[in-house]
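Order of appearance sets the numbers: ligands from 1, and atoms from 1 within every ligand.
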Amino acid sequence: STFVTNHSAALLFHFVVRLRFAHLRVTAKKSHSANRQSLNSLVCNTQILNMCCWKGVFGCPLIIDVSSLPLSVEEPMSLGAEDDREERPALVPSLFPLIPPTLYFSTASEKVELLPAEQRRLLKWKMSTVTPNVVKHTIARSHFKVTKKSHDWLGCWGHHMKSPGFKAIGEHQKLNHFPGTFQIGRKDRLWRNLSKMQARFGKQEFSFFPRTFVLPQDIKLLRKAWEDSGSRQKWIIKPPASARGIGIQVIHKWSQMPRKRPLLVQKYLHKPYLISGNKFDLRIYVYVTSYDPLRIYIFSDGLVRFASCKYSSSMKTLGNKFMHLTNYSVNKKNSEYQTNSDDKACQGHKWALKALWQYLGARGVNTTLIWEKIKDIVIKTIIASEPYVNSLLKMNLKTPYSCHELFGFDIMLDEKLKPWILEVNISPSLHSNTALDVSIKGQMIRDLLNLAGFRIPQKEDVIAPCSSASSSTSSLCGGNRERTKPDLSADEKVKRAFYLTQRYADQDFLSTVLDVLTPEDVRLLAESEDELTRLGQFERIFPSPSSSRYLRFFECSRYLNILLDQWEQKHWNNRTKGISLLTSLCQKGVHLGTSDPAHMVRNCGKRTSVYPKKFKFV
Ligand SMILES: *[C@@H]1O[C@H](CO)[C@@H](O)[C@H](O)[C@H]1NC(C)=O
Ligand SMILES: *[C@@H]1O[C@H](CO)[C@@H](O)[C@H](O)[C@H]1NC(C)=O
Ligand SMILES: *[C@@H]1O[C@H](CO)[C@@H](O)[C@H](O)[C@H]1NC(C)=O
Ligand SMILES: *[C@@H]1O[C@H](CO)[C@@H](O)[C@H](O)[C@H]1NC(C)=O
Ligand SMILES: [Mg+2]
């Protein structure tokens with residue numbers, strides 16, 4: 001970097017911006033060579049940094065003027081007069097002008113207004129064999145119809161798939177996975193990636209997972225650790241890609257080690273926190289709406305799953321799965337297993353997370369502190385997957401709109417109430433065996449779908465693409481149209497490079513990122529503010545007022561994370577000013593790039609830089 005102090009750097013950026021405006025007026029002016037040189041050095045950096053940034057993945061926001069839609073549709077009540085559920089509008093308007101509304105999803109106690117037939121016809125959901133009932137019920141209340149056809153759907157809740165499969169997803173379609181999340185969803189990858197973080201950032205920050213070995217690769221290391229820790233040490237062994245507790249065992253003799261490889265071997269957390277003598281773990285629901293910028297949400301409730309047999313540290317009991325495992329699939333086979341249908345009660349072998357907080361709170365435990373530590377684990381673990389997911393996203397997806405993902409984090413509390421991560425599930429069970437499950441998972445899925453922000457596409461987006469479909473990689477067809485999305489404008493690249501190349505950027509310097517907002521800045525900030533209005537019982541944990549400290553854990557620092565972090569620091573306390581600033585910018589169409597040359601010229605779908613042709617860098 002050529003910049004000496006932050007302050008002069010900020011000044012230069014403003015100079016760059018002003019220079020561009022000067023160009024607008026006096027294009028023929030000569031002798032810009034010195035300035036051009038400094039610009040060019042920024043642009044060189046841009047090219048390097050592009051590998052880390054979204055390459056022009058711009059939704060061409062479709063505009064639905066909400067006021068033009070009929071406010072209420074006159075339809076005879078098909079369910080009869082006794083249906084006195086409150087009716088809710090089908091669309092949630094954006095906070096901002098010229099941004100389309102999103103679809104509303106209700107709880108069972110509400111019903112959703114019908115959209116006009118023309119739009120209702122577009123509400124198609126692709127069914128998969130793994131689509132859980134809570135999802136089916138929630139989308140049905142918003143009048144989605146299930147489709148078997150592979151191309152005309154808006155949403156799908158299905159299996160994870162290989163990365164190239166994502167290429168076939170259309171711009172108006174949303175699937176409940178990101179490519180590459182198996183980097184944390186498979187047990188062996190999770191430990192590898194977390195260990196890598198531990199090696200880089202130290203045990204102080206990354207000490208929430210037990211020492212782990214992946215066999216066969218780590219067999220020598222394991223042998224040594226095994227000898228060093230003595231015969232009292234217990235180990236838990238897990239097949240790397242199993243689920244529901246299958247193949248999990250606790251052992252303490254080398255001879256008990258299965259021959260079958262690959263295998264994950266971990267130091268067993270042998271002193272769990274016990275309630276009434278039983279071991280338990282927590283299922284925490286984590287939802288990511290976007291990986292660049294990274295936005296992570298955590299659901300305020302969850303499940304507490306108990307082992308169905310009282311815990312003993314005796315070596316003789318190691319074979320008892322009802323004692324050492326908490327998986328429901330294992331413990332339901334125990335005749336002692338008791339169900340619980342009450343989300344307030346501390347009874348049976350499954351509780352609501354909120355019931356656990358009450359139980360512990362009543363015993364003088366600071367549960368806020370435990371919750372803070374869990375959030376810390378979640379943020380760091382998601383960040384560990386971030387470089388991988390983002391590079392696959394950029395290779396395989398037309399737009400970031402198409403991906404979102406729910407993760408099930410399994411967390412255990414040790415005797416000192418320190419949380420440890422056990423695993424991350426990329427397809428957490430949404431089966432609802434009991435009223436407790438229905439109440440928690442139902443609310444969670446409903447809030448999640450609102451947060452997801454489903455939009456109604458323009459008709460031609462849905463109908464055109466598949467007429468000539470010949471996708472061989474996947475049955476998820478829908479995106480064969482030519483890509484119309486251009487790269488970022490040169491101006492935006494300059495700004496991004498500028499903020500990413502500062503080595504010793506302090507808060508004063510970084511805060512200048514908000515001084516001149518580009519169209520894409522405005523679009524993303526508006527999108528993020530809108531998301532915050534649809535939280536339900538989710539809480540956003542990244543970015544948050546205190547999340548700046550996590551930026552250093554990113555392998556590759558990203559402009560949009562800096563932007564959102566600065567925005568959050570400035571506005572978290574009172575969002576009114578920020579929202580009214582964005583409102584006025586959106587009113588002018590800045591986020592569409594269609595007006596206001598001060599924020600660069602860009603047409604929807606086709607953007608041009610304000611630089612004269614000979615001044616183009618890319
Ligand atoms: C089953 O329970 C054990 C012990 O509580 C845990 O380590 C493991 O990750 C669980 N497995 C699954 C697939 O949930
Ligand atoms: C509990 O922990 C939180 C988070 O560290 C802290 O802010 C709060 O003051 C603590 N509460 C009590 C009662 O100690
Ligand atoms: C995680 O670990 C796997 C296997 O070692 C590696 O291929 C991958 O690049 C890692 N992912 C990240 C995000 O570092
Ligand atoms: C937030 O700021 C606005 C204007 O800046 C002010 O009118 C409002 O009272 C503030 N709200 C709170 C809760 O402080
Ligand atoms: Mg599990």
**Report entry** Nearest neighbour in protein (non-hydrogen) for atom 9 (O) of ligand 4
**Finding:** Asn574 ND2, 4.8 Å
Requested in this report: Give the residue and atom name of whichever protein heavy atom lies nearest to atom 4 (C) of ligand 2, and the separation in Å to one decimal.
Outcome: Leu369 CD1, 3.9 Å
Query raised in the report: Relative to the ring of Phe206, is the ring of Phe208 parallel (under 30°), tilted (30 to 60°) or perpendicular (over 60°)?
Result: tilted
Query raised in the report: Mind checking whether Asn366 has an N or O less than 3.5 Å away from an N or O of ligand 2?
Result: yes
Query raised in the report: Using the ring of each side chain (for Trp, its six-membered ring), is Phe280 parallel, tilted or perpendicular to Tyr273, with breaks at 30° and 60°?
Result: perpendicular
Query raised in the report: Under 4.0 Å from atom 11 (N) of ligand 4, do we find at least one protein heavy atom?
Result: yes
**Report entry** Arg211 charged N/C atom sitting above Phe213 aromatic ring, 6.0 Å / 45°
**Finding:** no
Query - Phe201 and Phe553 aromatic ring geometry - parallel, tilted or perpendicular at 30°/60° bounds - result: perpendicular
Requested in this report: Just say parallel, tilted or perpendicular for the rings of His404 and Phe454, cut-offs at 30° and 60°.
Outcome: perpendicular
**Report entry** Sub-4.0 Å protein heavy atom near atom 7 (O) of ligand 4
**Finding:** no
Query raised in the report: Looking at atom 2 (O) of ligand 2, would you say a protein heavy atom lies below 4.0 Å from it?
Result: yes
